[in-house]
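This is the structure I have questions about; it appears just below.
Sequence positions, counted from 1, serve as the residue numbers for this chain. Given the structure is predicted, the values throughout are model-derived calculations rather than measurements.
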Amino acid sequence: MVAGATLALTLIGRSVAAQRPVLDTLPQAVVLSLDDALRLALPASEPVALARSAVRRAQGEVKKARSEFFPQLTGTASYTRTLKSQFSRAGGSGGGDSTQTTSCNRFRGNPSAPVTTRLDSLESALNCVTGLNPFAAFGDLPFGQKNQYRLGLDGSQILYAGGRVRAQTRAAQAAERSARIGLTAQEAQLTLDVTQAYYDAALADQLLRIAQGTLLLADSTYEQTVLAQKVGSQPEFDVLRAQVARDNQRTAVIQRESQRTIAFLRLKQLLNLPLNQPLQLTTPVEDSVLPSVPALDTLIQRELDTTVDARAPVRQAQASVEEQEQRYRVARAERYPAVTLSSSFARLGYPSDVLPSWSDFVSDWTVGLTVKVPLFTGGRIGGSVQSASANAEDARLRLRQTRERASVD
């Protein structure tokens, strides 16, 4: 008997020693409270990240719409090399003979000179004049120049657009408010999901312990019944009943283990934790009072108003109505004239060499006033107005439906 017990202890020791490296490789359990879970969930949530991206996108649209209130300035710099010009035949820099651009002296006849001398002087003056380039004075103009530089600054300012700029700015601001409400709703939904998943996991863990304890009790009851049946104090039917109760409790333990595994996997998924990471939940499951959690208390205080107009879907629908109404005003503003003040300043250079000097540049500055009036657009503006009006009416109807659902809630 002693030898058998010694052999059994030896086998158990070897089994434990063989399993110890496997246990050492398992990750250490993370001690997690509900407040810690809520803090981990916000940066790990993809829906919340998408809502934040929507807010940033809406802020960019507001900046883009508001930018038309301010002057638009654009700097330009360009270089053009002319390989062959159509003005070369006209004697420009692109092709004339530069030796023929010298001036001729004014012809003055001498009445006292012999006739042959005066004829020779007249013929020489005529030959000089016919050999001159008549376009030599236009050599500094840009036509046909081989090297052309331009350094410019262009500016424009909208003076009147029929209210289009103001309307599109208000529409973008309404879209931004809707995006912020959506972010708040996603954070609240995430808080609800994490809290529910945390308490589901804690409850599943507690129910598993209860089921395991019940199984131990049923197993002990079965062993005691078997012992009592052997000594003749209880019938065989009691043994069968105790065995059935123990086996049924094993099934309940398996079910509780599956429910606990699913609950913990759901919580790890929300917190973006590794699925094989053990968790140790510290916030207890209370029957009467919800434990004080700072992150949860802050959200409850922020969303304490639960009236119809304070509901997030209602506020989002109201922002959508305002946005679509402003889009409708933007579409109608296209029927009115648009007045724009523009100015262009440039330094132009046409050097003979490739690299210019500052003295080679001349200034060119213009100011203009442009008025655009839509006379005929083939029905484009009318179609835009009709589409925007329908979108605004849809937004009003959706707001009415959302109010009715919120009232029922």
Side-chain angles (χ1 to χ4, degrees), residues 38-39 41-73 156-194 295 298-334 336 338 381 384-407 409:
L38 293 175
R39 283 197 299 265
L42 282 178
S45 174
E46 289 82 3
V48 173
L50 291 174
R52 288 173 180 166
S53 299
V55 171
R56 291 196 300 269
R57 187 183 306 110
Q59 290 174 345
E61 293 294 332
V62 170
K63 293 180 180 178
K64 185 170 66 174
R66 191 184 296 164
S67 65
E68 297 195 34
F69 282 114
F70 306 100
Q72 307 295 313
L73 299 178
S156 63
Q157 173 65 55
I158 297 177
L159 301 181
Y160 177 76
R164 177 183 59 84
V165 180
R166 188 181 304 275
Q168 68 184 14
T169 301
R170 290 176 178 175
Q173 291 173 347
E176 181 188 5
R177 287 197 301 272
S178 177
R180 290 187 180 277
I181 295 171
L183 175 59
T184 304
Q186 286 294 341
E187 291 177 350
Q189 184 64 43
L190 177 65
T191 302
L192 174 63
D193 294 341
V194 172
T298 302
L299 181 65
I300 292 175
Q301 291 297 329
R302 187 177 62 181
E303 302 296 333
L304 190 59
D305 191 0
T306 58
T307 59
V308 173
D309 291 336
R311 296 291 182 92
V314 176
R315 289 186 286 130
Q316 274 189 307
Q318 290 174 345
S320 179
V321 169
E322 183 178 355
E323 178 186 0
Q324 296 303 327
E325 288 178 349
Q326 297 299 328
R327 299 290 182 192
Y328 174 63
R329 292 188 177 92
V330 171
R332 288 194 308 173
E334 295 187 15
Y336 302 100
I381 297 179
S384 299
V385 171
Q386 184 176 0
S387 177
S389 177
N391 291 336
E393 184 64 24
D394 288 347
R396 297 188 193 98
L397 294 176
R398 294 181 187 277
L399 174 60
R400 187 184 306 172
Q401 290 179 345
T402 306
R403 283 181 180 275
E404 293 174 355
R405 293 172 183 172
S407 300
D409 291 339

request  = Could you walk me through whether Tyr328 and Val385 pass the side chain to side chain contact (heavy atoms under 4.5 Å, CB included) test, one step at a time?
outcome  = CA-CA 6 Å; Tyr328 174 63; Val385 171; 3.6 Å; yes
key: pair Glu68-Arg164: side-chain heavy atoms closer than 4.5 Å   = yes
task = Look only at the side chain of Gln316 and the backbone of Ser178, and say whether a donor-acceptor pair between them is shorter than 3.5 Å.
result = yes
key: Shortest non-hydrogen separation from Ala406 to Val308 and the atoms involved   = CB-CG1, 4.0 Å
task = Give the minimum heavy-atom separation between Ala171 and Gln326, together with the two atoms involved.
result = CB-CB, 3.5 Å
No-hydrogen, no-angle side-chain donor-acceptor test under 3.5 Å, Glu322 and Gln173 = no
remark   = When every non-hydrogen atom of Glu176 is compared with those of Val62, the smallest separation belongs to OE1-CG2, 3.5 Å
ask   = Are Leu183 and Arg52 close enough that some pair of their side-chain heavy atoms sits under 4.5 Å apart?
value = yes
query = Are the side chain of Thr191 and the backbone of Glu187 linked by a donor-acceptor contact shorter than 3.5 Å?
reply = yes
query = Side chains of Thr402 and Arg405: do they bring a donor and an acceptor to under 3.5 Å?
reply = no
request  = Please answer whether the main-chain N or O of Leu42 pairs with a side-chain N or O of Ser45 as donor and acceptor at a distance below 3.5 Å.
outcome  = no
request  = Please tell me if the side chains of Gln318 and Arg403 come closer than 4.5 Å, counting only heavy atoms from C-beta onward.
outcome  = yes
ask   = Does Arg177 reach the main-chain N or O of Ala319 with its side chain, forming a donor-acceptor pair under 3.5 Å?
value = no
remark   = One should read off an interatomic distance between Arg329 CZ and Gln324 CD, to the nearest 0.5 angstrom, of 12.0 Å
request  = For Glu404 and Leu399, indicate whether the former's side chain and the latter's backbone hold a donor-acceptor pair under 3.5 Å.
outcome  = no
Heavy atoms from other residues, nucleotides or ligands near CD of Gln72 exceed 12 (cutoff 6.0 Å) = yes
inquiry  = Taking CZ in Arg396 as the centre, count heavy atoms belonging to other residues, nucleotides or ligands within less than 6.0 Å. Is the count above 12?
reply    = yes
message = Is the shortest side-chain heavy-atom distance between Ile158 and Phe69 below 4.5 Å?
response = no
task = Would you mind reporting whether Gln59 and Arg180 have side-chain heavy atoms less than 4.5 Å apart?
result = yes
remark   = Minimal heavy-atom distance between Val194 and Ala41, with the atoms involved, is CG2-CB, 3.5 Å
inquiry  = I'd like to know if Glu325 pairs up with Arg170 as an ion pair, taking the criterion as any Lys NZ or Arg NE/NH1/NH2 lying under 4.0 Å from an Asp or Glu carboxylate oxygen.
reply    = no
request  = Please report the shortest heavy-atom distance between Ala333 and Gly163, naming the atom on each side.
outcome  = CB-C, 4.3 Å
message = Let me confirm one number: the OG1-NZ distance from Thr169 to Lys63, rounded to the nearest 0.5 Å.
response = 14.0 Å
task = Return the minimal non-hydrogen interatomic distance between Ala172 and Ala65, and the atom names on each side.
result = CB-CB, 4.2 Å
query = Going from CZ on Arg311 to OG on Ser407, what distance comes out if it is rounded to the nearest 0.5 angstrom?
reply = 8.5 Å
ask   = For Arg166, does the CZ atom have more than 12 heavy-atom neighbours from other residues, nucleotides or ligands under 6.0 Å away?
value = no
query = Would you call Arg327-Glu323 a salt bridge at under 4.0 Å N-O?
reply = yes
